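One structure below.
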Amino acid sequence: MPDGELLGGRIVETEAYLQNDEAMHAYRGKTARNAPLFGLPGTSYVYFIYGVHYCFNVVTEAEGIASAVLIRGLDQIDDANGPGKLCRRLKIDLSHNGLDLSSTDSPIWIARGTELEAPIITTTRIGITRAADKPWRFYILGSSGVSRRDRIAERGNDCVS
DNA sequence: CCGAGGATCATCT
DNA sequence: GATGATCCTCGGT
């Protein structure tokens, strides 16, 4: 692994973006920006949004098929709830686009997870303007890395039950 | 607590 | 010239 500070956490919130999905950046074909989406599974796809934030994705399907999972939150680390904050916290920017996340020689990599202690909740995706009805957002119930809105909702459920 | 609005720019039309 | 897979601040209740 590269020298320097090592920082990481557990992925606790994601959204899937698929081929033939209107919300997918490559829905209208390949461009310079979205080219990494067509790469090998395990490739990173980082883009800049709203003139302010970076978002970090992992390519999931075979080469040539546009697909990605947006990493929306980590726990075991402070202030990494939400895709923009996560990138700010880990100092992820466009220089981390197109990396091989399966290699520990990469400045960013992803390790295999462990068994979960809490259920995975499935909801619709957040903040998109198209295909907003698709239930392709997933998060670990009760995790501190999940969007504030859902932590509050879940706390309310706990009170009821 | 909640909703509205602004920041700010790479990318595509 | 418009748009957006976000976040923060502000004002009303």
Side-chain angles (χ1 to χ4, degrees), chain A residues 7-99 101 107-110 120-161:
Chain A
L7 207 57
R10 180 177 66 156
I11 296 170
V12 296
E13 181 180 351
T14 64
E15 282 176 2
Y17 290 85
L18 312 177
Q19 194 178 40
N20 299 324
D21 168 5
E22 287 188 69
M24 153 60 74
H25 282 176
Y27 182 65
R28 298 180 196 289
K30 186 187 268 189
T31 66
R33 176 175 76 148
N34 67 33
L37 288 168
F38 294 85
L40 291 169
T43 301
S44 65
Y45 169 55
V46 179
Y47 64 90
F48 187 54
I49 189 80
Y50 297 115
V52 182
H53 298 289
Y54 296 97
C55 288
F56 174 68
N57 298 250
V58 184
V59 173
T60 48
E61 299 206 44
E63 189 169 25
I65 300 177
S67 64
V69 166
L70 171 67
I71 308 302
R72 292 189 54 92
L74 304 180
D75 68 6
Q76 305 172 341
I77 183 173
D78 289 337
D79 295 320
N81 54 323
K85 289 171 68 180
L86 185 157
C87 287
R88 192 174 61 190
R89 183 73 178 85
L90 300 186
K91 299 186 170 66
I92 294 174
D93 58 31
L94 291 180
S95 74
H96 302 103
N97 197 17
L99 297 175
L101 301 172
I108 308 172
W109 77 92
I110 298 179
I120 295 179
I121 307 301
T122 302
T123 69
T124 52
R125 298 176 292 186
I126 291 181
I128 54 175
T129 58
R130 294 181 296 173
D133 58 320
K134 304 298 185 190
W136 292 336
R137 171 169 174 261
F138 310 93
Y139 66 90
I140 297 176
L141 180 63
S143 167
S144 63
V146 173
S147 304
R148 171 168 287 276
R149 205 167 64 185
D150 287 314
R151 290 209 308 277
I152 292 167
E154 165 244 322
R155 192 186 309 152
N157 291 340
D158 283 352
C159 290
V160 172
S161 61

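As the structure is a prediction and not an experimental result, all values here were calculated from the model. Chain A is the first sequence line, chain B the second, and so forth, proteins listed ahead of strands; every chain is numbered from 1. What you see below is based on every heavy atom in this structure, not just the backbone, and it leaves out hydrogens, waters and symmetry mates.
Residue-to-nucleotide proximity on DNA chain C shows that, of Ile49(A) and Pro83(A), the 5′-proximal contact is made by Ile49(A).
Checking dA5(C), dC7(C), dC12(B) against the side-chain heavy atoms of Arg33(A) singles out dC12(B) as nearest. When distances are taken from the side chain of Phe48(A) to each of dT6(C), dC9(B), dA5(C), the shortest belongs to dC9(B). The nucleotide whose nearest atom lies closest to any side-chain atom of Arg88(A) is, among dC12(B), dA5(C), dC8(C), dC8(C).
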Can Asn97(A) and Tyr45(A) be said to form a side chain to side chain contact (heavy atoms under 4.5 Å, CB included), step by step?
CA-CA 5 Å; Asn97(A) 197 17; Tyr45(A) 169 55; 3.9 Å; yes
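Counting any heavy atom pair closer than 4.0 Å across all strands shown, Gly51(A) reaches a base atom. Arg125(A) comes within contact range of no nucleotide atom at all, as no heavy-atom separation falls under 4.0 Å. At the heavy-atom level, Arg130(A) lies nowhere under 4.0 Å from the strands shown. Nucleic acid contact class of Arg28(A) (heavy atoms, under 4.0 Å, all strands): none.
Atom OH in Tyr50(A) sits roughly 17 Å away from atom C1' in dT9(C) (whole-Å rounding). One interatomic measurement links the two molecules: CG of Leu94(A) to C1' of dT11(B), which rounds to 11 Å at whole-angstrom precision. Atom NE2 of His53(A) and atom C1' of dT11(B) are 18 Å apart (whole Å). Atoms CD1 (Ile128(A)) and P (dC7(C)) sit 15 Å apart, rounded to a whole Å. One interatomic measurement links the two molecules: OH of Tyr45(A) to C1' of dG4(C), which rounds to 11 Å at whole-angstrom precision. The distance from atom CD1 of Ile126(A) to atom P of dT6(C) is 8 Å, rounded to the nearest whole Å. dT13(B) atom P lies 14 Å from atom OH of Tyr27(A), rounded to whole Å. To the nearest angstrom, P of dT3(C) lies 20 Å from CG of Asn34(A).
Distances shorter than 4.0 Å separate none of the side-chain N or O atoms of Thr31(A) from OP1 or OP2 on dT11(B).
Thr43(A) contributes no side-chain N or O that, together with a main-chain N or O of Val59(A), makes up a donor-acceptor pair within less than 3.5 Å.
Lacking a ring centre under 5.5 Å from that of the base six-membered ring together with a plane angle below 30°, Tyr47(A) does not count as stacked on dA10(B).
Looking at Asp79(A) and Arg89(A), no side-chain N of the basic residue comes within less than 4.0 Å of a carboxylate O on the acidic one, giving no salt bridge.
Residues Val146(A) and Glu13(A) are in side-chain contact: their nearest non-hydrogen atoms beyond the backbone lie under 4.5 Å apart.
Between His96(A) and Phe56(A), the ring center distance fails the sub-6.0 Å criterion.
In this structure, dA5(C) forms no base pair with any nucleotide, since neither Watson-Crick nor G-U wobble geometry is met with both distances under 3.5 Å.
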